Amino acid sequence: MEIASLENQTIAEFVLLGFYDIPELHFLFFIVFTVVYAFIVIGNMLIIVVVISSQRLHTPMYFFLANLSFLEILYTSTVVPKMLEGFLQEAAISVTDCLIQFFIFGSLATAECFLLAVMAYDRFLAICYPLRYLLLMGPRRCMGLVVTAWLSGFMVDGLVVVLMAQLRFCGSKSIDHFYCDFMPLVVLACSYPRVAQVTTFVLSVVFLTVPFGLILTSYAHILVTVLRVPAGASRRKAFSTCSSHLAIVSTFYGTLMVLYIVPSAVHSQLLSKVFALLYTVVTPIFNPVIYILRNKEVHQALQRLLQVKKMETVG
């Protein structure tokens, strides 16, 4: 009777187990991911500051990039601090806070899917219709696309969280993950989760494959157009710009599709956590690395900004 009453008791708090099975590496992980998190925040903040302060970067491409950088900061900050806490002590989180974390993180991930598709569409117009580009991608169009991307993410995941909030959690309070993700959370539900599972699967298929399809279509047209251009600086610049975006897209979409559309492909929870690290920590690093170190325009704008600040300090 006592065991049955414990199983039926609704819990109010979860414990995020994180990488509990390798405790000997926790301190090392804490140091490494703290440095990585600081790099993500500082690097993406630099991109935002450089884009805002440099008149030359007031173009649609860099407007979308600044939005992506801001999204990456929020996205990572939703997950990483709790993960770092788990390396030092037991990471407890209330059911309400867990659902809020899932909602914010899931909404930002969905918004990023749309934003990456918008960035691919922007490159498609810039390369395939260069003479009409500024007309087709005016300020109002840019703002409309960005607002749509952000709102779509929160509307889609809002529906999932409403369904999850109807579930009752009892029995085990341990979530075998480093943040509140859908699958590790649903397995702890003692009420019927089928509606939430089916809804999440359908939404994942639609809102992952549709933007990804738009990206592939955009790049197919870009490839055809670029191959028609004689080999030279113009072709190299086009390929360089697109390869930067494709590196982010392939990592982000690849891991999300494996985890949310074909989760059976991941045969262990540890492997699932490693895949999750790819889109929660690795992908946000790409922006600073690619656009600050490799992008000549951003690099030059950053140098000019630092020189101005140095002169102001000296003066």
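A quick note: this is a predicted structure, and the numbers were derived from the prediction, not measured.
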query: So how far is it from Asn44 CG to Leu65 CG, rounded to the nearest 0.5 Å?
result: 8.5 Å
message: Between Phe27 and Phe87, does the ring pair (Phe, Tyr, Trp, His ring centres under 6.0 Å) criterion hold? Intermediate values first, please.
response: CA-CA 7 Å; Phe27 184 70; Phe87 291 135; over 10 Å; no
task: Take Phe252 and Glu112 through the side-chain contact (heavy atoms from CB on, under 4.5 Å) test and state the conclusion after the steps.
output: CA-CA 9 Å; Phe252 184 76; Glu112 183 160 350; 3.8 Å; yes
Are the side chain of [X] and the backbone of [Y] linked by a donor-acceptor contact shorter than 3.5 Å?
| X | Y | answer |
| --- | --- | --- |
| Thr283 | Leu278 | yes |
| Lys173 | Ala12 | no |
| Glu85 | Pro81 | no |
| Thr217 | Gly213 | yes |
| Asn67 | Phe63 | yes |
| Ser191 | Arg168 | yes |
| His26 | Leu88 | no |

task: List the atom of Tyr192, the atom of Leu167, and the distance in Å for their closest heavy-atom pair.
output: O-CD2, 3.7 Å
query: Using the ring of each side chain (for Trp, its six-membered ring), is Phe14 parallel, tilted or perpendicular to Phe169, with breaks at 30° and 60°?
result: perpendicular
query: Parallel, tilted or perpendicular: which fits the ring planes of Phe105 and Tyr179, with parallel below 30° and perpendicular above 60°?
result: tilted
- request: Would you check, one step at a time, whether the test ring pair (Phe, Tyr, Trp, His ring centres under 6.0 Å) holds for Tyr253 with Tyr279?
  value: CA-CA 8 Å; Tyr253 274 96; Tyr279 67 84; over 10 Å; no
query: Within 45° of the axis and under 6.0 Å from the centre of the six-membered ring of Phe19, does NZ or CZ of Lys273 qualify?
result: yes
query: So, for Tyr219 and Phe124, is the gap between ring centers shorter than 6.0 Å?
result: no
Kindly list each side-chain donor-acceptor pair under 3.5 angstrom involving residues 139-147, sequence neighbours excluded, with atom names and distances?
residue: Arg141; atom: NH1; partner: Leu136; partner atom: O; Å: 3.3

task: Please list all pairs passing the disulfide bond (SG atoms under 2.5 Å apart) test where one or both residues lie in residues 34-118, with sequence neighbours left out.
output: Cys98-Cys180
message: Does anything in residues 20-29 form a salt bridge (Lys or Arg N to Asp or Glu O under 4.0 Å)? List the pairs, not counting sequence neighbours.
response: none
message: Take a 6.0 Å sphere around CZ of Phe70 and say whether it holds more than 12 heavy atoms from other residues, nucleotides or ligands.
response: no
